[in-house]
Amino acid sequence: MGIALRLNQLKATLPQDVTLVAVSKFQPVEALQQAYDAGQRVFGESRVQELVAKQPLLPAAIEWHFIGPLQSNKVKYIAPFVHTIQSIDSLKLLHEVDRQAARHNRIIRVLLEVHVAQETSKHGFGIDECRELAAKGSFGTFPHVEIAGLMAMATYTENTQQVQHEFTLLQHLFNECKTHSFAGLSFRILSMGMSNDYQIALACGSNTIRIGTAIFSPAAEPQ
Ligand SMILES: *Cc1c(COP(=O)(O)O)cnc(C)c1O
């Protein structure tokens, strides 16, 4: 079964207001082009070098989302074209994105990454930390950044109850952040759910899912 077919089958099961980010990390540009030709416009990449190499080879209409760990000193490479940075995990990074977006006269949309999973390797603000920063208005108002929501990953586990518990915590945090004035009306994106857990995420209010394996390589070994 090809990329186009898997993509269309997946899309057919999603509610209309859900954004599907096709996570194309490690995939060759030919695979992205196939997805593009099948109508996909939103792609997610998790490495700066890889994104910078692929972007010029693919159609300009693509909306690129950066979803991986991002060092402040690398923001400048993606600032000219990135549409959304989903992985803002520090105030320092937020400041740098604002600075680089200003240099290019752009507004870059960002999501705050929240750490809820049990794995210690995952990046992001803690739930309480995020809540406090939001309440204090510490995320600030940046002229060149639009803080549009939250992104998170659940623990990688077969235990669906735990995954559901984590997504529910995020849903609550999201609703709470929405009421804080720092974000205003632009705070509307809850990005959670990957190939193995997106159905649970959607049931917990996610409106943006990030799917790689289920589109590009369903037969791949689990990582
Ligand atoms: C790789 C990745 C995904 C996609 O994961 P799949 O299991 O391949 O669907 C989603 N989000 C992030 C942050 C990722 O790094």
Side-chain angles (χ1 to χ4, degrees), residues 1-11 13-14 18-28 31-32 34-35 38 40-52 54 62-71 74-75 78 82-90 93 97 109-125 130 148-160 162-164 166-167 170 174 189-223:
M1 194 166 57
I3 289 170
L5 193 52
R6 288 195 295 269
L7 188 59
N8 286 326
Q9 282 185 350
L10 173 61
K11 275 201 287 205
T13 69
L14 299 177
V18 169
T19 301
L20 170 63
V21 180
V23 176
S24 49
K25 63 186 183 206
F26 312 137
Q27 297 298 324
L32 281 78
Q34 277 180 44
Q40 182 65 23
R41 292 294 178 269
V42 185
F43 289 83
E45 289 281 341
S46 58
R47 292 171 181 220
V48 169
Q49 233 188 333
E50 188 177 342
L51 173 54
V52 167
K54 284 173 173 175
I62 288 180
E63 192 180 289
W64 292 103
H65 286 218
F66 193 81
I67 62 170
L70 181 58
Q71 289 172 303
K74 296 205 171 151
V75 174
I78 60 172
V82 73
H83 180 278
T84 301
I85 298 175
Q86 294 205 4
S87 44
I88 298 293
D89 60 1
S90 71
L93 183 57
V97 172
R109 192 170 81 175
V110 303
L111 307 183
L112 306 171
E113 182 170 355
V114 180
H115 176 109
V116 67
Q118 284 184 334
E119 293 96 315
T120 49
S121 60
K122 296 206 166 143
H123 293 248
F125 295 98
C130 187
L150 303 179
M151 183 273 261
M153 277 181 268
T155 303
Y156 191 81
T157 173
E158 303 274 294
N159 183 343
T160 55
Q162 185 182 344
V163 172
Q164 192 171 23
E166 291 172 359
F167 284 153
L170 290 157
F174 176 68
I189 300 173
L190 181 55
S191 170
M192 52 185 199
M194 320 195 334
S195 294
N196 62 326
D197 60 15
Y198 73 89
Q199 275 139 333
I200 305 173
L202 290 175
C204 295
S206 167
N207 55 29
T208 299
I209 58 174
R210 310 176 309 271
I211 307 289
T213 313
I215 297 171
F216 291 107
S217 54
E221 286 160 20
Q223 283 157 7

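Whatever order the structure lists them in is the order used to number ligands and atoms, beginning at 1. If you're wondering where the values come from, they're calculated on a predicted model, not measured in any experiment.
- With a heavy-atom cut-off of 4.0 Å, Gln86 does not touch ligand 1 at all.
- With rounding to the nearest 0.5 Å, the separation of NZ in Lys74 from CG in Leu51 is 12.0 Å.
- Aromatic pair His65/His83: centroids less than 6.0 angstrom apart.
- Note: an N/O pair closer than 3.5 Å links Lys25 and ligand 1 by distance alone.
- In terms of polar-atom proximity, Ala214 is not counted as a contact of ligand 1, lacking any N or O under 3.5 Å from an N or O of the ligand.
- The Ile211 neighbourhood of ligand 1 comprises atoms 9 (O), with distances under 4.0 Å to a heavy atom of that residue.
- For the residue pair Gln118/Glu166, the side-chain donor-acceptor check at 3.5 Å is not satisfied.
- Distances below 4.0 Å separate heavy atoms of Arg210 from the following atoms of ligand 1: 4 (C), 9 (O), 10 (C), 11 (N), 12 (C), 13 (C).
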message: Show, in sequence, the C-alpha distance, side-chain angles and deciding distance for Glu50 and Lys25, and conclude whether the salt bridge (charged side-chain N to carboxylate O under 4.0 Å, His left out) test is met.
response: CA-CA 8 Å; Glu50 188 177 342; Lys25 63 186 183 206; over 6 Å; no
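- Close to ligand 1: Ile67, with a non-hydrogen atom less than 4.0 angstrom away.
- Each of the atoms 6 (P), 7 (O), 8 (O), 9 (O) of ligand 1 lies under 4.0 Å from some heavy atom of Thr213.
- Ligand 1 has no nitrogen or oxygen under 3.5 angstrom from a nitrogen or oxygen of Asn196.
- Two residues are said to be in side-chain contact when any heavy atoms from C-beta on lie closer than 4.5 Å; Thr208 and Gln86 meet this criterion.
- Judged purely by atom type and a 3.5 angstrom limit, Ser87 uses its side chain to pair as donor or acceptor with the backbone of Gly68.
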